[in-house]
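Letters A, B, ... are given to chains in the order of the sequence lines, protein chains preceding strands, and every chain is numbered from 1.
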There are 2 protein chains.
Amino acid sequence: MGSISTLTQTAVTLTDQAYAALRMDILNGKLKPGFKLRVEHLKGLYGTGASPIREALSRLTGDGLVHAEGRRGFRVGRVSRSELFDITKMRTLLECHALKESIDKGDDAWEAGIMAAFYRLSKLDSRLLLASPGEEWEVRHKEFHTSLVSACDSRWLQAHRQNLFDQSERYRRIALSMKNSDRPVPEEHKAIMTATLARDSETACTLIGEHFNRTAEAVSRTALIED
Amino acid sequence: MGSISTLTQTAVTLTDQAYAALRMDILNGKLKPGFKLRVEHLKGLYGTGASPIREALSRLTGDGLVHAEGRRGFRVGRVSRSELFDITKMRTLLECHALKESIDKGDDAWEAGIMAAFYRLSKLDSRLLLASPGEEWEVRHKEFHTSLVSACDSRWLQAHRQNLFDQSERYRRIALSMKNSDRPVPEEHKAIMTATLARDSETACTLIGEHFNRTAEAVSRTALIED
DNA sequence: TAGCATTAATCTATCGATAATATTGCATCA
DNA sequence: TGATGCAATATTATCGATAGATTAATGCTA
């Protein structure tokens with residue numbers, strides 16, 4: 001999956017751009033689940049020829065965000081309640097493992113990184129309060145969660161963890177479409193951070209699991225097809 | 001990754017064929033780590049034009065088997081000791097989780113499937129004895145391991161588990177190139193099966209972990225570059 | 001002769017066109 | 001009227017050609 005392949009620090013090709021743009025639009029929910037991805041149409045939309053588009057779609061196939069049916073073109077990956085819970089379960093497994101390892105190995109810089117990320121997120125939380133969180137909140141939220149597990153040095157675990165984070169985000173954005181729920185998410189984040197910095201793996205993992213599950217439950221209550 | 005995307009039951013395109021063939025050749029070790037994948041060259045080798053080859057390579061990028069460097073083409077993914085152990089660790093995590101779930105949920109058909117797969121594998125083991133295991137052994141070996149976790153119904157876990165199995169196989173085939181080690185692999189398989197059928201998760205997971213680690217150790221002792 | 005710049009050769013990424021396949025609409029028949 | 005087969009249309013997968021970038025080779029300068 002794109003998140004596995006080591007990022008290229010070399011020239012950016014049109015394929016790379018198309019890949020990034022399409023990925024973003026699918027995760028955003030701008031391109032809806034099951035939507036037919038007609039190459040001729042996307043060509044105009046992203047300003048390239050057919051080849052870069054097709055290659056980008058092929059790559060996204062590996063991420064599980066696009067589905068290719070032989071001779072019938074591409075579609076945005078569909079969503080279902082059962083898959084949402086499947087993803088959440090898998091995500092919890094990886095996240096807890098990464099978190100434990102991080103707690104075992106983390107040094108001062110790691111601790112500082114968490115506190116900084118939390119500070120930036122909570123600053124935004126209090127400023128927004130009831131306003132809908134935008135692009136910036138998504139970024140800081142992701143950075144906070146990433147900072148927690150950043151002392152885990154397994155590249156594969158990190159890559160898969162990140163991919164699952166993105167998958168979950170897709171579900172969240174599709175369902176909640178920017179309107180945050182009424183539960184006290186900032187407090188949950190704080191509790192997770194506190195347990196983590198106290199090096200209490202047990203509690204931290206439990207809290208993370210609940211954190212993920214609550215979101216999944218909220219998402220699953222909205223109108224998603226199938227299962 | 002290709003193993004994530006639900007298999008298409010529709011028409012097989014040239015891209016699909018090229019993807020399957022390339023994947024096979026990389027996992028086999030026929031295409032060696034770091035090898036430059038020149039499209040012009042592969043065209044002739046797999047009997048298609050450039051587009052299907054490029055799309056197949058793009059997909060393989062997602063599996064982590066091919067590395068794309070912008071404007072500098074594709075290469076077979078490199079290998080290193082550190083990555084081998086990283087993969088093994090991750091693999092053990094997923095496999096044990098899947099195995100536990102399987103042991104919890106498995107019914108009679110699951111048990112029967114394991115015994116059948118084990119029987120087929122051991123039949124071949126005793127016939128081969130010291131001969132080098134070929135294509136058939138690889139298939140039955142994979143089937144045996146798959147049968148153990150087949151009662152786990154998480155599609156994501158299964159897909160990632162399978163991908164990691166393939167990654168490990170690549171390392172094994174590159175390093176051991178068909179010559180099996182001198183350790184009693186058949187006995188290890190038997191012990192794993194016994195613990196699994198006895199529904200003893202704890203023991204089964206320990207044995208599986210050791211099983212994986214022994215292979216990794218053996219592989220890492222051969223001449224692999226880096227780290 | 002070592003280092004640098006410039007040109008030549010090679011390869012990659014991308015485009016536009018085409019053949020093969022799937023889908024749609026329509027007419028026919030039971 | 002509903003189903004079935006056929007023709008017209010639209011799309012997909014694939015090819016061959018080309019522009020653009022990279023690497024290798026060459027010659028020039030100090």
Exercise for the section: For residues 44-55 of chain A, pull every pair meeting salt bridge (charged side-chain N to carboxylate O under 4.0 Å, His left out), keeping only residues two or more places apart or in separate chains. Expected result: A:Arg54-B:Glu55, A:Glu55-B:Arg54
Exercise for the section: Could you tell me which residues satisfy ring pair (Phe, Tyr, Trp, His ring centres under 6.0 Å) with B:Phe74, sequence neighbours excluded, listed by chain and number? Expected result: none
Fill in the blank from the handout: A:Phe212 meets the ring pair (Phe, Tyr, Trp, His ring centres under 6.0 Å) criterion, sequence neighbours left out, with none
Practice task
State yes or no: are the ring centers of A:His189 and A:Phe118 separated by less than 6.0 Å?
Solution key: no
I'd like a table of atom pairs between the protein and nucleotides 14-18 of chain C - only N or O on both sides, under 3.5 Å - with the distance next to each one.
residue : atom : partner : partner atom : Å
C:dT14  : OP1  : A:Leu14 : N            : 2.3
C:dT14  : OP2  : A:Thr15 : N            : 3.4
C:dT14  : OP2  : A:Thr15 : OG1          : 2.9
C:dC15  : OP1  : A:Gly49 : N            : 3.4
C:dC15  : OP2  : A:Gly49 : N            : 2.5
C:dC15  : N4   : A:Ser51 : OG           : 3.3

Donor-acceptor contacts under 3.5 Å from residues 41-53 of chain B side chains, at least two apart:
residue : atom : partner : partner atom : Å
B:Lys43 : NZ   : B:Glu40 : OE2          : 3.2
B:Tyr46 : OH   : B:Asp25 : OD2          : 2.6

Exercise for the section: Please identify each residue that fulfils side chain to side chain contact (heavy atoms under 4.5 Å, CB included) with A:Asp108, with sequence neighbours left out. Expected result: none
Completion exercise
Residues at least two apart in sequence or cross-chain that pass side chain to side chain contact (heavy atoms under 4.5 Å, CB included) with B:Tyr119, listed by chain then number, are B:Lys123
Exercise for the section: Take the protein atom CD1 of A:Ile53 and the nucleotide atom P of D:dT11, then report the distance between them rounded to whole Å. Expected result: 16 Å
Practice task
Starting at atom CG of A:Leu37, determine the distance to atom P of D:dT11, rounded to an integer number of angstrom.
Solution key: 14 Å
Practice task
Only counting residues at least two apart or in another chain, list the ones meeting side chain to side chain donor-acceptor pair (under 3.5 Å) with A:His97.
Solution key: none
N/O contacts under 3.5 Å, protein versus nucleotides 6-11 of chain C?
none

